[in-house]
Amino acid sequence: MSRIALMALVAISLGACSNDSTAPDQLDLSLEAGAFGTAITMNGGYEAGLFQERLINGLPDQIKLSDEQRSSIRSLVQAFEAATKDDRQALGAILKQAREAGAAGKSRTEVQAILRTGAASRERLGAAERKLVGDIEAVLTEEQRAWIRAHRPAACRAENFPPLSDAQKASIHSLEVAFRESNKSDLEVMRSVMDEVRTAVRNGGSPAEIAAIMRRGAEAAARLATARKRLHDDILGVLTPQQRASRCFPLG
């Protein structure tokens, strides 16, 4: 499991009646309800790779990522994933051990002790995620950052967001790829239009000239707006009721 760990709030949720045995279903419920929120979840990306794809596909065409920004963000995400691999794997193993202990009827105190062994890894991962979000924001323009701030999930309760399963992550990645493939022509039209607009602005083009260029992309822009809304809804459809209840909806 590669998702950021479930440690702190799990320990709290299992704190009462610490000498009681833990039935498998009770443990699983506590683990799901106690998912530890992250900086990426707060930004609606859930995982580093998904955050990157949401930025690529979610930003409106007028402020879409440049090729240079995409390259920089991909490099940041790859570096994050490489640097945190050991901690993510360690936490996955600890969570598996905790589940097995609960299934074997171990006490809540014993399960808590297992979960606490991941505290240092969890802290390092939390710091690494906060740094990644900050580094990505530094790559963005002020207009892009302002749009993201305005579209962050409202009232997101990241501490209540159960981590994505591997199947969910694969489904969301597939939706992101399918969006790019099925809308490739319109995305290329809008890229060309926006390049022309930027050139016209640099060359002192009049508002009328710029508006005329924008009109050439109006139909493509409308189709993409509909496609982005559908992508957003499709991603929500992948989430469980508990994940949706956290109000940490996908960016854009």
Side-chain angles (χ1 to χ4, degrees), residues 1-10 13 25 27-58 73-74 76-78 80-99 102 115 118 121-122 124-133 136 148 151-180 228 230-252:
M1 174 180 174
S2 64
R3 178 64 166 90
I4 301 301
L6 311 180
M7 305 305 170
L9 293 177
V10 173
S13 70
D25 58 339
L27 175 63
D28 287 346
L29 179 60
S30 296
L31 289 172
E32 288 297 310
F36 190 81
T38 69
I40 293 174
T41 300
M42 289 294 292
N43 281 275
Y46 307 143
E47 299 277 337
L50 296 181
F51 185 32
Q52 168 186 289
E53 290 185 354
R54 288 282 63 224
L55 288 173
I56 292 173
N57 291 337
I73 291 171
R74 285 195 182 98
L76 289 169
V77 169
Q78 288 170 358
F80 166 85
E81 290 177 339
T84 61
K85 181 179 179 180
D86 289 346
D87 281 328
R88 288 184 287 115
Q89 289 181 342
L91 288 169
I94 289 167
L95 178 57
K96 181 176 183 290
Q97 185 182 358
R99 289 182 185 276
L115 292 172
S121 290
R122 177 174 49 78
R124 285 193 294 269
L125 278 168
E129 282 207 347
R130 290 190 294 273
K131 183 178 186 302
L132 174 63
V133 171
I136 288 175
I148 291 169
H151 290 80
R152 279 192 176 121
C156 168
R157 299 177 63 190
E159 72 278 5
N160 291 341
F161 187 88
L164 296 173
S165 67
D166 289 341
Q168 285 179 307
K169 286 182 278 189
S171 293
I172 295 174
H173 277 294
S174 294
L175 288 170
E176 298 282 0
V177 171
F179 169 85
R180 287 195 291 273
R228 287 193 175 101
R230 185 166 54 249
L231 172 61
H232 179 275
D233 292 344
D234 287 344
I235 292 174
L236 289 184
V238 173
L239 305 183
T240 66
Q242 192 176 4
Q243 288 167 332
R244 290 194 294 273
S246 72
R247 300 187 64 83
C248 298
F249 295 167
L251 174 70

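We use all heavy atoms of the structure for the numbers below, so side chains are in, but hydrogens, waters and symmetry mates are not. The model shown is predicted, which means the values in this text are computed figures rather than measured ones.
Considering only residues two or more places apart in sequence or on other chains, Ser165 meets the side-chain contact (heavy atoms from CB on, under 4.5 Å) condition with Ala167, Gln168. Among residues two or more places apart in sequence or in another chain, the salt bridge (Lys or Arg N to Asp or Glu O under 4.0 Å) test is passed with Arg74 by none. Evaluation of the side-chain hydrogen bond (donor to acceptor under 3.5 Å, both in side chains) rule for Arg124 yields Asp87, Ser121 as partners, not counting sequence neighbours. Every side-chain contact (heavy atoms from CB on, under 4.5 Å) that Arg157 has, sequence neighbours left out, goes to Glu159, Asn160. The side-chain contact (heavy atoms from CB on, under 4.5 Å) search around Gln97 returns Ile114, not counting sequence neighbours. Listed by chain and number, the residues in a side-chain hydrogen bond (donor to acceptor under 3.5 Å, both in side chains) with Lys96 are Glu100 (sequence neighbours excluded). Under the side-chain hydrogen bond (donor to acceptor under 3.5 Å, both in side chains) criterion, Arg152 pairs with Asn43, Glu137, sequence neighbours left out. Annotation: side-chain hydrogen bond (donor to acceptor under 3.5 Å, both in side chains) contacts of Ser246 (sequence neighbours excluded): none.
Between Ile172 and Asp234, every side-chain heavy-atom pair lies at or beyond the 4.5 Å cut-off. Taking the side chain as every heavy atom from C-beta outward, Tyr46 and Leu239 approach each other to under 4.5 Å. Side chains of Leu231 and Glu176 form a contact here, defined as non-hydrogen atoms less than 4.5 Å apart. Looking only at side-chain heavy atoms (C-beta outward), Ile73 and Ile56 stay at 4.5 Å or farther from each other.
Arg88 places a side-chain N or O within 3.5 Å of a backbone atom of Glu81 that can act as its donor or acceptor partner.
Of all heavy-atom pairs spanning Met42 and Ala158, the tightest one is SD-CB, 3.5 Å. Residues Thr41 and Cys156 share a closest heavy-atom pair of O-SG, 4.1 Å. The heavy-atom pair separating Pro153 from Phe249 by the smallest distance is CG-O, 3.1 Å. Shortest non-hydrogen contact noted between Leu50 and Gly45 is CB-O, 3.0 Å. Taking both residues in full, the closest heavy atoms of Ala39 and Glu129 are given as N-OE1, 3.5 Å, listed atom of the first, atom of the second, then distance. Of all heavy-atom pairs spanning Arg228 and Asn57, the tightest one is NE-O, 2.8 Å.
Atom CZ of Arg130 and atom CD1 of Ile40 lie 11.5 Å apart (nearest 0.5 Å). From Leu236, atom CG reaches atom CD of Gln243 across 10.5 Å, with rounding to the nearest 0.5 Å.
Taking 4.0 Å as the cut-off between side-chain N and carboxylate O, Asp233 and Arg230 do not count as a salt-bridged pair.
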Does the pair Ile136 and Gln52 meet the rule for a side chain to side chain contact (heavy atoms under 4.5 Å, CB included), with working shown? CA-CA 9 Å; Ile136 288 175; Gln52 168 186 289; over 6 Å; no
Chi angles and distances behind the side chain to side chain contact (heavy atoms under 4.5 Å, CB included) call for Leu164, Val238: CA-CA 9 Å; Leu164 296 173; Val238 173; 5.9 Å; no
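Within a 6.0 Å sphere centred on CZ of Arg244, heavy atoms belonging to other residues, nucleotides or ligands number more than 12.
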